[in-house]
Asks: 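This is the structure I have questions about; it appears just below.
For reference, positions follow the sequence shown, starting with 1.
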Amino acid sequence: MPSAVKDYYELLGVSKDASQDEIKKAYRKLARKYHPDLNPGDKASEQKFKEINEAYSILGDEKKKAEYDRFGKTPFEAGGPWFEGARPDFGESFEFGDIFSDFLGGGRRGGYEHFQRKGADMLMSIELSLEEAFTGVTRPITLTREIPCRACNGTGAEAYQTCDRCKGSGKFQTSKGFFKISQTCPVCRGSGKKVTNLCKTCKGKGNILQTETIKAKIPAGVDTGSIVRLKGMGESGEAGGPSGDLRIEVTVRPHLLFARKEQDLLIDVPITFGEAALGAKIEVPTIDGSAVMTIPPGTQGGQKFKLSGKGFPSPKTGARGSQYVVAKIIVPKDLNARAKEAIKDIEALYNENPRKDIMRGK
């Protein structure tokens, strides 16, 4: 019977100007919360479930909702124009297959595939040198993981028989108040088959542990925090579902010479006073060899020079970044008398005060 006291809008927790999408959303949320299959033996939840179904059967239909807004519950009570004595006029279109499939395990399709689950991903870490990260590397990795049992092909069973509960259909129908709900058979879990003998190899689990060594290919250009994903090399799936993935987290060790920022490299290169003052061609190390670069006359300490295309390759495009060379002027120590005199002569010729700007407060 329809509720005697509570307002349908109040039951669903929506306002009178709620849209059909808002009404449906509110109904779905409450149906999940109070469904008897999720609250076994709870009479209060069962009653609440009946009430919200009753409310949705009216408010979920534009025509009935309009009548309810005009006349209240009267048209829907016994003898009223919308009363049919058994159930609201929604028939097969009353969405139970869609609404409950996400928490009853059912849906409009039957079959064991509904209970297939992808296996969990596995996470491992690998440490590389900067050179290995630059070129890419193939490393052997040993891991222990669950794989599908070969004896039973991951089913966990040696033999089956037709499920006597659903007669092989994979579906089971229950009645909840006015409504009949078709859901996946709880005995065979939608497969239509009942296990008669468990697999002796995996003891019915469907999976076995295996330790194996695989070759993991780490692409060129990876950086600390990069994740390399090997599809299907994670934990075995459930009920024949696909295996998860193996995710390899990369750490690149610090380098003695190079600092890295994304695809660019930075290196400090010492130069002499003479090279800085007069200019020179010098050889500098790069990640894949060496390069000759020009130091222009008058180079200052800390001045930065760019070598395009000498950085790291992008893992996505392969395009290389740049290498930046920072000039570090080395001041000679332990000067002999002749060297000191020569420097004094140079200083006498150099009339500019390098600190004039800071002394003026600039």
Side-chain angles (χ1 to χ4, degrees), residues 101-103 105 112-150 153-156 202 205-268 285-289 291 304 306-326:
S101 63
D102 54 350
F103 66 96
Y112 192 56
E113 66 273 6
H114 279 285
F115 290 91
Q116 292 182 343
R117 296 289 186 271
K118 182 180 179 181
D121 289 348
M122 296 178 64
L123 180 65
M124 298 186 71
S125 59
I126 188 171
E127 188 175 82
L128 305 178
S129 67
L130 190 69
E131 289 82 2
E132 288 173 325
F134 172 76
T135 60
V137 65
T138 299
R139 284 275 188 90
I141 293 180
T142 300
L143 67 156
T144 300
R145 64 187 183 112
E146 286 190 335
I147 64 170
C149 175
R150 294 186 180 89
N153 293 321
T155 63
C202 66
K205 188 177 180 182
N207 302 323
I208 58 172
L209 280 177
Q210 175 175 291
T211 299
E212 57 186 317
T213 299
I214 63 173
K215 291 183 178 180
K217 185 176 181 180
I218 310 300
V222 294
D223 200 357
T224 295
S226 295
I227 298 292
V228 178
R229 185 181 294 268
L230 302 184
K231 289 187 66 65
M233 297 307 296
E235 298 286 5
S236 176
E238 296 180 23
S243 296
D245 301 333
L246 173 62
R247 296 189 299 134
I248 303 174
E249 184 174 13
V250 176
T251 299
V252 180
R253 293 191 297 270
H255 197 272
L256 290 175
L257 295 179
F258 296 103
R260 180 181 177 185
K261 184 177 181 181
E262 298 178 349
Q263 266 58 65
D264 292 335
L265 292 172
L266 184 73
I267 185 172
D268 291 339
T286 67
I287 190 66
D288 57 346
K304 187 184 295 185
K306 179 180 179 180
L307 300 179
S308 298
K310 290 297 183 179
F312 254 64
S314 166
K316 294 182 179 180
T317 66
R320 290 183 61 173
S322 300
Q323 176 173 312
Y324 291 91
V325 176
V326 180

Asks: Just verifying a value: how many Å separate L246 CG and R229 CZ, rounded to the nearest 0.5 Å?
Replies: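 One gets 9.5 Å once the value is rounded to the nearest 0.5 Å.
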Asks: Any chance you could measure I287, atom CD1, to F258, atom CZ, to the nearest 0.5 Å?
Replies: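 Those atoms lie 5.5 Å apart.
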Asks: Can you confirm whether E131 is buried at CD, in the sense that more than 12 heavy atoms of other residues, nucleotides or ligands lie under 6.0 Å from that atom?
Replies: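 It does: E131 CD has more than 12 such atoms within range.
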Asks: Taking all atoms of both residues into account, what is the closest heavy-atom pair of T138 and K217, and its distance?
Replies: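 Looks like OG1-CG, 3.9 Å.
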Asks: Starting at OG1 of T251, measure out to CD of E127 and round the result to the nearest 0.5 Å.
Replies: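 Taking OG1 in T251 and CD in E127, the distance rounds to 6.5 Å.
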Asks: Which atom names give the shortest non-hydrogen contact between A216 and I141, and what distance separates them?
Replies: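 Scanning both residues completely, I find the closest heavy atoms to be CB-CD1, 3.4 Å.
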Asks: Would you check if the side chain of D245 reaches a backbone N or O of G234 as a donor-acceptor pair within less than 3.5 Å?
Replies: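 Checked: no pair found.
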Asks: According to side-chain contact (heavy atoms from CB on, under 4.5 Å), who are the partners of D223, at least two apart in sequence or on a separate chain?
Replies: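 So D223 forms a side-chain contact (heavy atoms from CB on, under 4.5 Å) with S226, V252, R260.
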Asks: Evaluate the criterion side-chain contact (heavy atoms from CB on, under 4.5 Å) for residue pair I267 and V326; output intermediate values, then yes/no.
Replies: CA-CA 6 Å; I267 185 172; V326 180; over 6 Å; no
Asks: Work out which heavy atom in P313 is nearest to a heavy atom in G318; give both atom names and the distance.
Replies: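 Closest approach of P313 to G318, heavy atoms only: CB-O, 3.8 Å.
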Asks: Any side-chain heavy atom of L143 sitting closer than 4.5 Å to one from M122?
Replies: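 Answer yes - side chains close enough.
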Asks: Are any of the side-chain heavy atoms of Q210 and T144 separated by less than 4.5 Å?
Replies: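 Of all side-chain heavy-atom pairs linking T144 with Q210, none is under 4.5 Å.
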Asks: Do I248 and L230 touch side chain to side chain, with heavy atoms closer than 4.5 Å?
Replies: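 They are in side-chain contact.
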Asks: Would you tell me whether T142 and T213 have side-chain atoms, one donor and one acceptor, within less than 3.5 Å of each other?
Replies: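 The criterion, which ignores hydrogens and geometry beyond distance, is satisfied for T213 and T142.
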Asks: Provide the closest heavy-atom pair for P315 versus Q263 in the form atom of the first, atom of the second, distance.
Replies: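 For P315 versus Q263, the nearest heavy atoms are CD-NE2, 4.0 Å.
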Asks: Minimum heavy-atom separation for F312 to V222, with atom names?
Replies: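 Smallest interatomic distance, heavy atoms only, reads CE2-O, 4.2 Å.
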Asks: Considering only NZ, NE, NH1 and NH2 on the basic side and carboxylate oxygens on the acidic side, decide whether D264 and K310 come within less than 4.0 Å.
Replies: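 So D264 does not pair with K310 through a salt bridge.
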Asks: Would you give the length of the straight line joining atom OG1 of T211 to atom CD1 of I147, rounded to the nearest 0.5 angstrom?
Replies: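 Rounded to the nearest 0.5 Å, the OG1-CD1 separation comes to 10.0 Å.
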Asks: Determine, step by step, whether D288 and F134 satisfy the side-chain contact (heavy atoms from CB on, under 4.5 Å) criterion, reporting the C-alpha distance in whole Å, the side-chain angles of both residues, the deciding distance to 0.1 Å, and the verdict.
Replies: CA-CA 9 Å; D288 57 346; F134 172 76; 3.7 Å; yes
Asks: Would a distance-only check, ignoring hydrogens and angles, find a side-chain to backbone donor-acceptor pair under 3.5 Å from R320 to G309?
Replies: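 Present.
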Asks: Test E249 against L123 for side-chain contact (heavy atoms from CB on, under 4.5 Å), laying out the working first.
Replies: CA-CA 7 Å; E249 184 174 13; L123 180 65; 4.3 Å; yes
Asks: For G232 and S243, which heavy atoms make the closest approach, and how far apart are they?
Replies: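 For G232 and S243, the tightest heavy-atom pair comes out as O-CB, 3.6 Å.
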Asks: Check step by step if side-chain contact (heavy atoms from CB on, under 4.5 Å) holds for R139 and I126.
Replies: CA-CA 9 Å; R139 284 275 188 90; I126 188 171; 3.6 Å; yes
Asks: Kindly say whether L265 contributes a backbone atom to a donor-acceptor pair with the side chain of Q323 at under 3.5 angstrom?
Replies: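 No; judged by distance alone, with no hydrogens or angles, the pair does not exist.
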Asks: Is the positively charged end of K306 above the ring of Y324, judged by distance under 6.0 angstrom from the centroid and angle within 45° of the axis?
Replies: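 So K306 doesn't make the cation-pi contact.
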Asks: Going from CD1 on I214 to CZ on R145, what distance comes out if it is rounded to the nearest 0.5 angstrom?
Replies: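 Reported value, rounded in 0.5 Å steps: 7.0 Å.
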Asks: Output the distance between atom OG (S125) and atom CD1 (I227), rounded to the nearest 0.5 Å.
Replies: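 Between S125 OG and I227 CD1, I get 9.5 Å after rounding to 0.5 Å.
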